[in-house]
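What follows is a single structure, written as structure tokens, with notes after it.
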Protein chains: 2
Amino acid sequence: MPDPALINSARDFNRFYTNFLGVLNKAYLNTPFTLTDARVLFEVGSRGRVSAVALAKDLQLDPAYLSRILKRFRSDSLIETKADPTDLRSQVITVTDEGGRQFEELGRRSNAQLAERFQRLSDAEQRHVVSAMNTIRARLDPEVKSAPAIIRAHRPGDIGWIIQSQSKAYTEEYGWDMRFEGLVAEVAGRFLTNFDAAKECCWMAESGGINIGSVLIADGGDGIAKLRLLYVDKAARGLGLGRTLVDECIHFAEAKGYRQISLWTNDILHAARAIYIGRGFRLVSEERHRMFGPEENGQTWVLDI
Amino acid sequence: MPDPALINSARDFNRFYTNFLGVLNKAYLNTPFTLTDARVLFEVGSRGRVSAVALAKDLQLDPAYLSRILKRFRSDSLIETKADPTDLRSQVITVTDEGGRQFEELGRRSNAQLAERFQRLSDAEQRHVVSAMNTIRARLDPEVKSAPAIIRAHRPGDIGWIIQSQSKAYTEEYGWDMRFEGLVAEVAGRFLTNFDAAKECCWMAESGGINIGSVLIADGGDGIAKLRLLYVDKAARGLGLGRTLVDECIHFAEAKGYRQISLWTNDILHAARAIYIGRGFRLVSEERHRMFGPEENGQTWVLDI
DNA sequence: GCAATTGATTGACTGAGTCAATTAAATTCA
DNA sequence: TGAATTTAATTGACTCAGTCAATCAATTGC
């Protein structure tokens with residue numbers, strides 16, 4: 001269940017944006033068109049050739065209603081329709097020259113309205129607003145398929161993200177207390193302050209500019225690489241991302257001449273354990289502990305390379 | 001003239017969001033109400049007592065139309081109206097118990113719809129979306145009444161947020177390198193692992209479910225309270241939040257019987273320094289250092305209490 | 001104290017949007 | 001292959017959201 005405060009903010013935003021869009025006025029942008037007319041004309045004008053079904057589906061319009069709108073557009077010679085040769089039931093809709101002109105005029109007015117509203121913002125603010133819009137859309141529009149995950153080196157703020165995400169997730173899922181967050185922060189902090197680029201690395205998985213996973217290799221001395229803070233965000237689990245991150249670590253450890261990778265985990269983290277087993281790690285020790293509240297089974301795994 | 005590419009993205013977003021809002025369906029949220037009905041009921045329900053003019057103005061409704069809606073609401077006993085004693089032409093509108101119930105039901109459904117859409121997102125994504133909404137609104141809504149900031153105790157993940165935000169901000173603004181993030185993480189981590197609720201505390205400032213600031217008091221021993229990790233997010237600066245957070249610390253230190261508050265900062269952080277000076281802190285030592293890359297002037301300030 | 005303004009309501013429309021039924025083409029599957 | 005089912009488009013028939021002008025009553029301005 002999402003945080004009610006978040007939902008509330010979102011509702012506030014929706015109320016504001018309903019107003020902002022000016023959806024409620026009958027005459028859209030001072031044109032002879034209604035909002036629905038405009039949406040239809042826009043869709044036809046920008047896609048070139050569409051069928052009525054596709055239009056009805058995308059714009060969520062009643063087919064009967066759409067049919068009437070198209071009929072009117074036809075009699076105003078804004079569009080032309082002819083039967084689709086591959087399916088004679090279906091009509092292919094195209095804009096006429098006049099329709100194209102109207103479509104462009106609509107675009108100009110819409111642009112002008114937005115430009116007027118953007119004008120009072122600085123350039124930086126404008127970009128900020130648009131990137132926020134992209135953020136929202138990428139998350140809420142099912143059509144926009146999530147951007148592919150990429151693995152990259154860490155940047156400022158990433159370590160904080162790791163701490164935040166892990167502690168939040170494991171608190172929620174396993175009831176661990178804040179000592180866990182403290183441990184993660186200390187481990188991550190030491191990693192950063194003593195960072196040795198020649199022997200150590202931190203990888204972040206991100207998708208569409210948003211972090212979704214992480215792992216790091218720290219030098220444990222004595223030819224041992226410590227694999228730490230493997231984490232994959234809830235929303236991105238089941239895609240093999242954890243495996244990819246671990247493989248990244250193994251390759252790195254090989255390349256840097258480590259003789260062994262060692263890691264500490266808790267057996268309750270089944271997905272992670274499955275990855276380690278799959279990559280040939282072997283369990284060398286385990287102990288019951290209550291470091292984070294509930295009793296857990298801490299385990300040390302190693303992989304010789 | 002704004003960048004056409006930005007305008008275009010914004011238009012894309014608007015088209016998407018028009019759909020997303022579901023403004024276009026007659027039966028709003030499967031209730032017997034239209035969107036306009038719902039907006040009216042919402043406004044009346046949440047404001048308590050309104051006049052019809054005010055309602056018409058805020059919702060941009062035709063008075064005739066509004067009058068009819070109110071008449072219907074009255075005959076369905078959702079609202080009651082009586083003449084305003086100070087202006088007998090004007091009607092004061094209030095919701096009845098039944099109206100209140102309907103108003104709440106509407107709220108529940110609206111929440112449920114949003115919750116359902118948010119559910120498929122990770123917690124981080126939800127926060128990201130809402131903070132993007134706030135960004136847009138803060139820029140485009142002329143009456144920015146941003147949600148009031150509240151100060152609360154920290155929760156799991158907050159410490160990670162502190163580390164992430166601080167390191168990101170100071171890297172961008174002053175070019176500090178990742179050793180800063182490392183230091184913050186270690187400090188924060190130690191605070192959590194040795195946390196003593198009787199002598200220590202961490203406060204988070206949040207607005208609309210989004211973290212916007214933080215500060216903490218750690219026990220430095222010897223009657224000295226260490227004030228640490230004071231931070232206010234860029235978007236929330238200039239509102240006196242930093243001062244409020246510091247005051248919170250001072251009260252806490254007094255209540256817990258500390259004799260002195262001590263803190264370490266860098267003189268480049270002007271806003272913070274101004275707060276310390278304003279609250280009577282005095283500078284006791286300073287030293288040039290290159291702990292985070294660029295040369296900075298580290299300072300220790302104390303306040304006797 | 002009279003003219004102009006303002007809040008609320010009503011009459012009289014219009015046309016956006018809905019629902020069910022119909023036709024014709026395409027698909028499914030025994 | 002052909003009967004049953006599904007799908008694309010249209011039409012009939014209707015409703016009711018939303019508009020515009022006119023009216024009435026209370027208030028304000030000069």
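First the proteins, then the strands, lettered A, B, ... as listed; each starts at 1. The structure displayed is predicted, hence computed values, not measured ones.
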Query - Interatomic distance where CD belongs to A:Gln91 and P belongs to C:dA25 [whole Å] - result: 11 Å
Query raised in the report: Over how many whole Å does the gap from A:Leu66 atom CG to D:dA8 atom C1' extend?
Result: 11 Å
Requested in this report: Assess whether one donor atom and one acceptor atom, taken from the side chain of B:Arg68 and the base of C:dG11, lie less than 3.5 Å apart.
Outcome: yes
Query - N or O in side chain of B:Lys71 less than 4.0 angstrom from C:dT10 OP1/OP2 - result: yes
**Report entry** Under 4.0 angstrom between B:Arg72 side-chain N/O and D:dA17 OP1 or OP2
**Finding:** yes
Query raised in the report: Please give, in whole Å, the distance from D:dA17 P to B:Leu59 CG?
Result: 16 Å
Report task. Could you tell me whether the side chains of B:Ser110 and A:Arg11 share a donor-acceptor contact shorter than 3.5 Å? Result -> yes
Query raised in the report: Looking at B:Ser90, does any N or O in its side chain come under 4.0 Å of the phosphate oxygens OP1/OP2 on D:dA26?
Result: no
Requested in this report: Could you tell me which residues satisfy side chain to side chain donor-acceptor pair (under 3.5 Å) with A:Arg243, sequence neighbours excluded, listed by chain and number?
Outcome: none
Query raised in the report: Rounded to whole angstroms, how far apart are CD1 on A:Ile69 and P on D:dA9?
Result: 14 Å
Query raised in the report: Within the distance-only criterion (no hydrogens, no angle test), does the side chain of A:Asp87 pair as donor or acceptor with the backbone N or O of A:Asp84 below 3.5 angstrom?
Result: no
Query raised in the report: Side chain of B:Thr135, backbone of B:Ser131: donor and acceptor closer than 3.5 Å?
Result: yes
Query raised in the report: Between D:dA17 atom P and B:Phe73 atom CZ, what is the distance in whole Å?
Result: 10 Å
Polar atom pairs (N or O), protein with nucleotides 27-30 of chain D, under 3.5 Å:
| unit_1 | atom_1 | unit_2 | atom_2 | d |
| --- | --- | --- | --- | --- |
| D:dT27 | OP1 | B:Leu88 | N | 2.9 |

Query raised in the report: Judged by atom type as modelled, is there a donor-acceptor pair below 3.5 Å linking the side chain of B:Gln126 to the main-chain atoms of B:Asp123?
Result: no
Query raised in the report: Contact class for B:Ala64 vs. all strands (heavy atom < 4.0 Å): base, sugar-phosphate, or nothing?
Result: base
Query raised in the report: Over how many whole Å does the gap from A:Asp62 atom CG to C:dT18 atom P extend?
Result: 6 Å
Query raised in the report: Within the distance-only criterion (no hydrogens, no angle test), does the side chain of B:Arg117 pair as donor or acceptor with the backbone N or O of B:Phe20 below 3.5 angstrom?
Result: yes
Report summary line: Residues at least two apart in sequence or cross-chain that pass ring-ring contact (aromatic ring centres under 6.0 Å, His included) with A:Phe13, listed by chain then number, are A:Tyr17, B:Tyr17
Query raised in the report: Any donor and acceptor pair, going by atom type alone, linking the side chain of B:Arg237 with main-chain N or O of B:Val232 inside 3.5 Å?
Result: yes
Report summary line: Residues of residues 74-83 of chain B with a heavy atom under 4.0 Å from any atom of DNA chain C, listed by number, are B:Arg74
Report task. Specify the separation, in whole Å, of atom CG of B:Leu61 and atom P of D:dC20. Result -> 13 Å
Query raised in the report: D:dA8 P sits how many Å from A:Lys57 NZ, rounded?
Result: 10 Å
Query raised in the report: Are side-chain N/O atoms of A:Asn211 and A:Arg152 paired as donor and acceptor at under 3.5 Å?
Result: yes
Name every donor-acceptor pair, under 3.5 Å, that has one atom in a side chain of residues 72-79 of chain B and the other anywhere in the protein, sequence neighbours excluded.
| unit_1 | atom_1 | unit_2 | atom_2 | d |
| --- | --- | --- | --- | --- |
| B:Arg72 | NH2 | B:Asp37 | OD1 | 2.7 |
| B:Arg72 | NH2 | B:Asp37 | OD2 | 2.4 |
| B:Arg74 | NE | B:Thr81 | OG1 | 3.1 |
| B:Ser75 | OG | B:Arg72 | O | 3.1 |

Report task. Would you check, one step at a time, whether the test side-chain contact (heavy atoms from CB on, under 4.5 Å) holds for B:Ile7 with A:Val130? Result -> CA-CA 8 Å; B:Ile7 298 289; A:Val130 170; over 6 Å; no
Requested in this report: Please work out which residues in residues 44-54 of chain A have a non-hydrogen atom less than 4.0 Å from an atom of DNA chain D and list them by number.
Outcome: A:Ala52, A:Val53
Query raised in the report: Is it true that atom CZ of B:Arg108 has more than 12 heavy atoms of other residues, nucleotides or ligands lying nearer than 6.0 Å?
Result: yes
